[in-house]
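Read the structure below first, then the notes.
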Amino acid sequence: MTTMTLAKALNAGLRQAMEDDPKVVVMGEDVGALGGVFRITDGLQKDFGDARVIDTPLAESGIVGTAVGLAMRGYRPVVEIQFDGFVYPAYDQIVCQVAKIHFRSRGKVRVPMVIRIPFGGGIGAVEHHSESPEAQFVHTPGLKVVACSNPADAYAMIQQAVHSDDPVVFLEPKRLYHSTKAEVDESAPPAPLWQSRVVRPGADATLVAYGPTVSTCLDAATVAAEEGRSLEVIDLRTLSPLDLVPVVESVRRTGRLVVVHEAHVTLGVGAEIAARVTEECFHSLEAPVLRVGGFDTPYPPARIEEDFLPDLDRILDAVDRTFGF
Amino acid sequence: MTDPVFGPAPEQTPEPELVQLLTPEGERVHHPGFDVDFTADELRGFYRDMTLVRRLDVEATALQRHGELGLWAQLLGQEAAQIGAGRALAPQDFVFPTYREHGVAWCRGVDPVRLLALFRGVDQGDWDPDEHNFGLYTIVIGAQTLHATGYAMGIQRDGLVGTGDPERDTAVVAHFGDGASSQGDVNEAFVFAASFNAPVVFFCQNNQWAISEPFERQSRIPLYRRSQGFGFPGIRVDGNDVLATYAVTKAALQRARDGQGPILIEAYTYRMGAHTTTDDPTRYRLSDDVEHWKLKDPIARLEVYLRRNGLADDAFLAEVAAEADALGERMRRECHALPDPSTHDLWDVVHAEKTAELAAQQAEYDAHAATFEEARR
Ligand SMILES: Cc1ncc(C[n+]2csc(CCOP(=O)(O)OP(=O)(O)O)c2C)c(N)n1
């Protein structure tokens with residue numbers, strides 16, 4: 001057991017993946033000597049050399065596009081997109097190439113690669129540094145999309161994503177990188193990658209979240225417990241495929257569901273969950289599925305981002321509303 | 001190295017020829033292509049601009065350190081490149097900046113406090129581009145080079161190129177960095193500009209670093225030669241020499257206004273500071289390099305020249321220093337006083353015509369916010 005920040009856990013996980021498989025290469029802007037702007041790749045170039053930890057030219061389409069070629073040649077690229085808002089220059093490569101090559105080739109060509117994206121807000125940054133683009137990838141068949149929320153998962157999930165034969169968009173909650181610390185058991189068997197998990201059991205209502213909002217939901221559950229309400233919190237972990245088995249099971253017990261994410265509410269991951277849970281649990285639901293998320297505006301200037309981000313009040317407000325029906 | 005079949009590889013000279021009019025030692029030198037005379041007032045003006053812009057930068061960096069700004073992108077060392085380029089503009093010319101063009105913004109009359117507002121997170125840099133002929137800061141690397149090209153194509157269609165009327169003929173400048181030169185957008189901008197002969201000057205400040213990545217990671221040839229492959233000329237200028245950047249940019253702008261199409265200027269300079277206030281350059285670069293470039297300081301060399309030639313005396317220098325102090329003081333004061341934006345207004349500016357859905361979301365937010373107001377009472 002080692003106590004690690006989420007950033008350190010990702011670093012350790014990447015290191016392990018590189019040790020396990022010499023075909024794993026890390027690439028992106030500033031991932032070498034600097035160790036990435038968030039230091040997730042810290043020390044890797046020093047230990048694995050610059051053929052395996054590649055500082056690329058400043059070109060996201062180039063980064064992802066060349067990773068496709070490397071993957072076709074038997075390598076396992078792990079690319080870093082510096083910030084969520086800078087994935088769009090690579091969007092064409094991700095959506096039209098990465099996601100489709102397996103299908104197009106009827107399974108003959110595989111592109112096992114991981115596209116790591118630090119996502120979400122709450123760090124007081126300027127424009128394009130706080131976005132939640134997950135729905136755009138979840139809406140793209142051929143991509144798998146996962147989001148970690150804590151150090152132990154981060155350590156395991158990054159390795160599982162690297163080992164996957166499918167391309168994985170790997171979302172990292174940047175606001176938690178250095179602020180969360182937890183024990184990581186490097187020898188523990190990891191939870192399956194494509195599964196959601198109940199992170200706090202409860203009986204009265206269900207909260208579903210992923211990435212940065214998991215810890216907010218856990219805090220909300222703590223507050224609710226003081227007020228006598230028992231909230232179950234589920235960490236989705238995987239957004240594509242979406243694992244709703246624990247969610248459906250939970251809602252059948254609690255009858256109430258609130259989905260929480262930072263991304264814009266309209267056509268976000270929460271919308272899909274609401275639709276599917278309504279279909280599966282119609283007769284168990286005591287209230288409509290509610291969503292708490294970012295407003296349908298571009299991410300605002302940092303001084304008012306706290307209003308944009310789902311916080312305890314908005315989550316507990318939504319919980320109250322589900323009890324009001 | 002010449003391949004017997006494919007011919008020579010591009011030259012790999014480490015420090016290729018660059019236009020210089022003022023040496024680091026403050027000696028005036030002459031260049032046949034840019035035989036420009038400067039009046040004493042012009043020279044003093046350059047000095048004043050560079051000094052004030054350096055102060056602006058130092059002050060903003062300090063404000064960030066005091067927690068007043070979330071971030072600041074420093075321009076330390078790039079004053080000559082920006083003031084030279086900025087002062088070469090005609091009033092009708094239009095500029096598309098990145099996020100570090102504080103000196104050009106200064107020349108265009110954008111209040112420095114507006115720049116602070118962006119980095120404080122009060123707004124996203126929402127000055128009126130048409131008021132200053134200075135576009136919005138662009139954070140996504142390279143994107144603005146395409147906008148500049150399209151804008152230049154518009155100017156061309158409006159008949160504001162090659163008329164011979166110096167008040168009418170207009171050019172556009174696209175600023176970007178050496179790192180940006182790798183982006184697809186920048187290369188596509190080159191293709192469009194060349195193909196349509198657009199009146200756009202691509203002004204690259206090669207400060208030799210893209211965060212931690214040295215210039216060699218972006219290009220194997222000197223940047224100014226890239227344009228050759230796209231079919232338009234390129235030139236390298238000493239970016240720490242305000243006279244040279246001014247002269248070269250002025251000539252390039254005139255060429256564009258005359259209808260002779262795009263040009264690439266590579267202002268060869270150095271980022272003395274960190275990439276931004278969150279960066280730690282000790283992780284990737286040698287302090288020797290910084291020391292070496294300090295000797296090429298753009299302001300110091302002009303000061304030497306002014307003094308040695310009796311163009312500036314102590315009184316003038318003291319006056320500029322006092323002006324810099326006043327600017328710093330005003331920035332501190334007005335930065336503190338910048339009001340936070342209103343969340344309520346967010347929904348009003350998503351579209352030109354607000355949708356019913358957004359109005360409903362706004363009302364929902366207002367109701368939520370009101371419960372807090374009540375609780376506070
Ligand atoms: C598309 C995109 N990718 C990555 C970034 C993050 N980023 C901001 S500045 C920068 C380096 C830019 O270097 P350069 O173009 O040389 O300009 P400089 O900052 O040195 O003036 C990077 C990678 C970004 N803003 N946009």
Side-chain angles (χ1 to χ4, degrees), chain A residues 28-39 42-43 45 50 54-63 65 82-83 85-90 92-93 123-130 264-266 292-308 311 313-314 317-318, chain B residues 70-71 73 99 117-126 137-143 177-187 210-214 217-219 275 278-281 283-285 338-344 346-347 349-350 355 357-358 361-362 364-365 368-369 371-372:
Chain A
E29 295 157 9
D30 304 292
V31 297
L34 188 66
V37 294
F38 291 107
R39 310 287 185 260
D42 197 15
Q45 191 180 63
D50 60 10
I54 307 168
D55 265 336
T56 63
L58 205 176
E60 285 75 12
S61 183
I63 294 169
Q82 203 158 70
F83 280 91
F86 307 141
V87 71
Y88 300 109
D92 166 56
Q93 281 289 337
I123 61 162
V126 292
E127 206 185 356
H128 311 299
H129 290 69
S130 306
H264 314 292
V265 162
T266 296
V292 180
F295 307 135
D296 289 328
T297 67
Y299 198 87
R303 297 290 277 203
I304 50 171
E305 68 181 336
E306 294 307 329
D307 286 345
F308 182 92
D311 61 359
D313 286 312
R314 278 171 63 205
D317 227 39
Chain B
L71 181 84
Y99 45 80
L118 187 164
F119 289 97
R120 187 173 169 87
V122 165
D123 63 34
Q124 290 170 330
D126 59 358
Y137 270 12
T138 309
I139 288 174
V140 177
I141 299 291
D178 43 298
S181 71
S182 294
Q183 286 285 352
D185 276 4
V186 173
N187 289 275
I211 309 189
S212 73
E213 300 195 351
R217 185 38 46 106
Q218 316 297 338
S219 181
H275 169 70
T278 59
D279 178 38
D280 173 12
R283 279 180 159 252
Y284 54 82
R285 83 177 172 195
L338 282 169
D340 278 352
S342 140
T343 301
H344 169 84
L346 288 180
W347 290 269
V349 289
V350 178
T355 64
E357 280 135 89
L358 289 183
Q361 211 174 80
Q362 185 175 36
E364 200 183 313
Y365 168 79
H368 175 76
T371 61
F372 289 91

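Chain identifiers are assigned alphabetically (A, B, ...) following the order of the sequence lines, protein sequences preceding nucleic acid strands; residue numbering begins at 1 within each chain. Source: prediction; values computed, not measured.
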Which of B:Trp347, B:Phe372, B:Phe119 touches chain A most, by non-hydrogen pairs under 4.5 Å: B:Trp347

Largest heavy-atom contact set with chain A, pairs under 4.5 Å, which of B:Gly184, B:Pro341, B:Gly70: B:Pro341

Contact check, side chains of A:Ile304 and B:Val122, non-hydrogen atoms, under 4.5 Å: no

Rounded distance (nearest 0.5 Å) linking atom CZ of A:Phe86 with atom CD1 of B:Ile141: 7.0 Å

Side chain to side chain, A:Pro89 and B:Asp185, heavy atoms closer than 4.5 Å: no

Residue pair B:Val140 / A:Gly85: nearest heavy atoms and the distance that separates them: CG2-O, 4.4 Å

Greatest number of heavy atom pairs closer than 4.5 Å to chain B - which of A:Ser61, A:Gly124, A:Ala125, A:Pro300: A:Pro300

salt_bridge(A:Arg303, B:Asp340) N-O dist < 4.0 Å: yes

Flag, side chain of A:Glu127 to backbone of B:Ile139, donor-acceptor distance under 3.5 Å: no

Most chain B-contacting option - heavy-atom pairs closer than 4.5 Å, from A:Glu29, A:Arg39, A:His128, A:Arg314: A:Arg39

Which portion of B:Leu71 sits near chain A, non-hydrogen atoms under 4.5 angstrom: side chain

Side chain / backbone / both / neither for B:Ser181 at chain A, heavy atoms under 4.5 Å: neither

Derivation of the side chain to side chain contact (heavy atoms under 4.5 Å, CB included) call for A:Asp296 and B:Val350: CA-CA 9 Å; A:Asp296 289 328; B:Val350 178; over 6 Å; no

Heavy-atom contact with chain A under 4.5 Å, split by part of B:Ile211: both

Considering all heavy atoms, the nearest A:Pro301-B:Gly121 contact: CB-O, 3.0 Å

Over all atoms of both residues, closest heavy-atom pair of A:Leu58 and B:Ala180: CD1-N, 4.1 Å

Partner set under ring pair (Phe, Tyr, Trp, His ring centres under 6.0 Å) for B:His275, not counting sequence neighbours: none

Which portion of B:Tyr99 sits near chain A, non-hydrogen atoms under 4.5 angstrom: neither

Engaged part of B:Gln361 at the chain A interface, taking heavy atoms whose separation is under 4.5 Å: side chain

Under 4.5 Å from any heavy atom of chain A - which part of B:Asp280: both

B:Arg217 side chain to A:Thr56 backbone, donor-acceptor under 3.5 Å: no

Top of A:Ala302, A:Ala33, A:Pro57, A:Gly62 for chain B proximity - count of heavy-atom pairs under 4.5 angstrom: A:Pro57

A:Asp55 versus chain B, the contacting section by heavy-atom distance below 4.5 Å: both

Counterpart residues, salt bridge (charged side-chain N to carboxylate O under 4.0 Å, His left out), relative to B:Asp126 (two or more places apart): B:Arg114

Selection from A:Val37, A:Asp313, A:Asp317 maximising heavy-atom pairs under 4.5 Å formed with chain B: A:Asp313

Whether B:Tyr365 and A:Phe295 hold their rings parallel, tilted or perpendicular, with breakpoints at 30° and 60°: perpendicular

Toward chain B, the part of A:Gln82 with a non-hydrogen atom under 4.5 Å: side chain

Lys/Arg N to Asp/Glu carboxylate O, A:Asp42 vs B:Arg283, below 4.0 Å: yes

